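Please read the structure below before turning to the comments.
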Amino acid sequence: MSTNASTPKHPKRKESPAGIAALVYGIVFLIVGLAGFIPGLTSGIGSMSFGGHHSEAMLLGIFQVSILHNIVHLLYGILGVALSRRHGIARAYLLIGGIVYLVLWVYGLAVNKESMANFVPLNSGDDWLHFVLGVTMVGLAIIFGRKPKAAK
């Protein structure tokens, strides 16, 4: 039984657009989560608290971060990478994750930034980034709603 060396043992799996998007978001969330712990990328790292509005750590000097905030980004990243392999699950990650970010955007606009309710913590930069993330993730989930047809 001979095999042709140019024939792959496994047929090439076509990545779905939703899977690629979930993978990209996952990688970006991992990078952001790690960057939140790196001095130089994050200023005031010595004042970083686990959570709450008292954390003075600022990622790129724009986004207020805490240990909890960074952990959430890391978890979103791990989920995005892990769920990117199957179209339906990748699409669900984009849709549900986007809805969560839109809820977080509304919460960030409504919460008093100096109150204990600002537990993540959130600032204006975070709020508008959450809006962009929410809209783009939900938008991509809608655009990539149908499973791509398998290549013949």
Side-chain angles (χ1 to χ4, degrees), residues 10-148 150:
H10 304 287
K12 186 173 182 178
R13 186 174 72 87
K14 184 177 180 191
E15 298 290 333
S16 78
I20 294 168
L23 179 63
V24 168
Y25 275 91
I27 290 169
V28 169
F29 283 126
L30 285 171
I31 291 168
V32 169
L34 291 172
F37 292 113
I38 298 174
L41 293 176
T42 301
S43 60
I45 205 159
S47 69
M48 184 184 297
S49 61
F50 180 78
H53 67 284
H54 296 295
S55 182
E56 295 176 14
M58 299 288 284
L59 177 61
L60 303 175
I62 302 170
F63 308 105
Q64 188 176 11
V65 293
S66 65
I67 294 169
L68 176 62
H69 206 152
N70 293 334
I71 290 171
V72 169
H73 286 139
L74 290 170
L75 292 174
Y76 255 80
I78 291 166
L79 274 174
V81 171
L83 301 179
S84 69
R85 302 287 292 161
R86 294 184 54 209
H87 173 79
I89 296 173
R91 183 176 173 269
Y93 166 80
L94 293 170
L95 182 62
I96 295 167
I99 291 169
V100 167
Y101 271 108
L102 288 172
V103 168
L104 194 54
W105 168 63
V106 171
Y107 180 78
L109 293 177
V111 72
N112 177 342
K113 301 294 192 228
E114 297 303 318
S115 74
M116 292 301 290
N118 187 13
F119 64 93
V120 176
L122 304 169
N123 67 6
S124 181
D126 292 307
D127 294 340
W128 293 104
L129 178 59
H130 294 155
F131 172 76
V132 170
L133 288 169
V135 168
T136 58
M137 290 175 81
V138 168
L140 289 172
I142 292 168
I143 290 169
F144 301 142
R146 294 182 183 232
K147 187 172 182 175

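Since this is a predicted model, take the numbers as computed values, not measurements.
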Note to self: Please tell me whether Phe29 and Tyr101 form a close aromatic pair, meaning their ring centres lie under 6.0 Å apart.
What the structure shows: yes
Check: Hey, does the side chain of Asn70 reach the backbone of Val65 with a donor-acceptor pair shorter than 3.5 angstrom?
Finding: no
Check: With under 30° as parallel and over 60° as perpendicular, where do the rings of Phe131 and Trp128 fit, or are they tilted in between?
Finding: perpendicular
Margin query: Taking the side chain as everything from C-beta on, heavy atoms only, tell me whether Tyr76 gets closer than 4.5 Å to Val100.
Written below: yes
Margin query: Are Glu15 and Arg85 packed together at the side-chain level, in the sense that at least one heavy-atom pair is separated by less than 4.5 angstrom?
Written below: yes
Check: What orientation do His69 and His130 show, parallel under 30°, tilted 30 to 60°, or perpendicular over 60°?
Finding: tilted
Note to self: So, taking the atom named CZ in Phe50 and the one named CD1 in Ile67, what distance separates them when rounded to the nearest 0.5 Å?
What the structure shows: 7.0 Å
Notebook entry, point to check: So, for Ser43 and Gly61, which heavy atoms are closest and what is the spacing to 0.1 Å?
Noted result: OG-CA, 4.5 Å
Margin query: Pair Val111, Lys113 - check side chain to side chain contact (heavy atoms under 4.5 Å, CB included), show working.
Written below: CA-CA 6 Å; Val111 72; Lys113 301 294 192 228; 4.2 Å; yes
Check: What's the spacing between Ile89 CD1 and Leu94 CG if we round to 0.5 Å?
Finding: 12.5 Å
Checklist line | Considering all heavy atoms, the nearest Asp127-Leu122 contact | finding: OD1-CB, 3.9 Å
Item checked: Value rounded to 0.5 Å, distance of NE2 in His73 from CG in Leu34 -> 11.5 Å
Note to self: Evaluate Tyr25 against Thr136 for side chain to side chain donor-acceptor pair (under 3.5 Å), listing each step before the verdict.
What the structure shows: CA-CA 10 Å; Tyr25 275 91; Thr136 58; 2.6 Å; yes
Checklist line | Point-to-point distance, once rounded to the nearest 0.5 Å, from CG of Leu109 to OG of Ser124 | finding: 8.0 Å
Margin query: So which atom in Phe63 and which in Gly125 form the shortest heavy-atom distance, rounded to 0.1 Å?
Written below: CE2-O, 3.4 Å
Note to self: Nearest 0.5 Å, please: how far is CD1 in Ile31 from CG in Leu41?
What the structure shows: 11.0 Å
Check: For Ser47 and Glu56, which heavy atoms make the closest approach, and how far apart are they?
Finding: OG-CB, 3.1 Å
Notebook entry, point to check: What is the minimum heavy-atom distance between Asn123 and Ile62, and which atoms define it?
Noted result: ND2-O, 2.9 Å
Check: Are side-chain heavy atoms of Val138 and Leu95 found at a separation under 4.5 Å?
Finding: yes
Item checked: Met58 side, atom CE; Met48 side, atom CE - distance, nearest 0.5 Å -> 11.5 Å
Margin query: If you compare all heavy atoms of Phe37 against all heavy atoms of Thr42, which two are closest, and at what distance to 0.1 Å?
Written below: N-OG1, 4.2 Å
